[in-house]
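Note on naming: letters A, B, ... go to the chains in the order of the sequence lines (proteins, then strands), and numbering restarts at 1 for each one. Since the model is a prediction, treat every value here as computed from it, not as a measurement.
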Number of protein chains: 2
Amino acid sequence: MAGWRAYIEASQRLFTQLEDDLRADSGLSFADYHVLVLLSEAPGQRLRMGELADRLVFSPSRLTYQISSMRRRGLVARESCPADRRGNEAVLTAAGLLALREAAPGHLASVRRHLMDDLDDVEVATLTRVFARLGRRLRADRDASSTHSD
Amino acid sequence: MAGWRAYIEASQRLFTQLEDDLRADSGLSFADYHVLVLLSEAPGQRLRMGELADRLVFSPSRLTYQISSMRRRGLVARESCPADRRGNEAVLTAAGLLALREAAPGHLASVRRHLMDDLDDVEVATLTRVFARLGRRLRADRDASSTHSD
DNA sequence: TAGCACTACTTAAAATTTCAACAACTATCG
DNA sequence: CGATAGTTGTTGAAATTTTAAGTAGTGCTA
């Protein structure tokens, strides 16, 4: 249980530190950055709102707010989905891609400096394995509990 | 870098899940719970606002808000610090201690179920070591940067 | 022992996030 | 078809969190 508390505290400090660094040298928030990364990797550089919310672990309304803000700043655009007219897609703009490219090197350096440099190879491998497995399980749990009898 | 993203996503899901469980079976938020734990372990079951904010990784004003809310609900009290009259202490109340005792078993079970059950002993040891070290380093970095030339 | 810089915390206003409806569309069933 | 239920996502209000600006008290120093 001591480990559990160390995990919470260190994670909190880490996220705070990374967000501060990122904001200072690119003007992007952590959330902005992650949206840009996910869109840049998606086919057509576009994703449905629901899909994006799920990957970011954001509530739908939080994502709506996040995307409107990024849209005002020209980082993304919105298009309604041709196949399913209830749906909306967030689309990466040229300005968004540029912002990501400018922010990435500094952010990666910051991740390396605050986190990776502290870890040896075995630790990195363990963390990667553990959190990948945990993520899968938590996703599965959630799917099960929403599909079930609620 | 894949590990890094798995870590963020899984942590987010984990915290969300634990908060939901905790809220559902005790009415406490994650923040409430942590305040109660820290106070219950402190000598005299009381802590200075600054000390508490630091351990929770909360901004000062966020802690002021958090404590006022807990005070309205009778979970903590406030006393001004005799030694330093700028200071204030948050003090655990009997009701606060009771709330913690009622919430703890369920919360621990939830941590076990969502996190610990997924890990073997070596992994737990690694995570504990890694995050303890990381927390120390991030604390040290922050102290260094605030003491320095600003 | 008055002045000045700093510390500890609070407050008010702005930004963000959640929560509880809602609107629009799709899919299924009779 | 036409009603009904379920999806997708948005909106408005309330709750929370941040940011910037206080307020009060401490402590050094001259």
Residue met sooner reading DNA chain D from 5', once N88(A) and Q66(B) are mapped to nucleotides: N88(A)

For atom CG of D32(A) and atom P of dT17(C), their distance in whole Å: 10 Å

For atom CZ of R86(B) and atom P of dG27(D), their distance in whole Å: 6 Å

Donor on one side chain, acceptor on other, R72(A) and S68(A), under 3.5 Å: no

Contact nearer the 5' end of DNA chain C, comparing S69(A) with D84(A): S69(A)

E89(B) CD - dA8(C) P separation (whole Å): 14 Å

Spacing between D54(B) atom CG and dC9(C) atom C1', to the nearest angstrom: 15 Å

For atom CZ of R72(B) and atom C1' of dA15(D), their distance in whole Å: 11 Å

Those residues of residues 11-30 of chain B lying under 4.0 Å from DNA chain C by at least one heavy atom: none

side-chain N/O S59(B) vs dT17(D) OP1/OP2, d < 4.0 Å: no

R48(B) side chain near dC9(C) phosphate (N/O to OP1/OP2, under 4.0 Å): yes

Close side-chain approach of E79(B) to N88(B), heavy-atom, < 4.5 Å: no

Atom pair CZ/CG of F131(B) and L138(B) - distance to nearest 0.5 Å: 10.5 Å

Length of the CG-P vector between L63(B) and dT11(C), whole Å: 13 Å

Distance below 4.0 Å between Y65(A) side-chain N/O and dT17(C) OP1 or OP2: no

Close side-chain approach of L28(A) to R23(A), heavy-atom, < 4.5 Å: no

Cationic tip of R62(A) above F58(A) ring, under 6.0 Å, 45° of axis: yes

Sub-4.5 Å side-chain heavy-atom contact between R13(B) and Q17(B): no

R62(B) side-chain N/O to dT17(D) phosphate OP1/OP2 under 4.0 Å: yes

Distance in angstrom units between F58(B) CZ and dC9(C) P, rounded: 16 Å

R85(A) CZ - dC25(C) P separation (whole Å): 6 Å

Side-chain donor-acceptor contact under 3.5 Å, S11(A) with Y7(B): yes

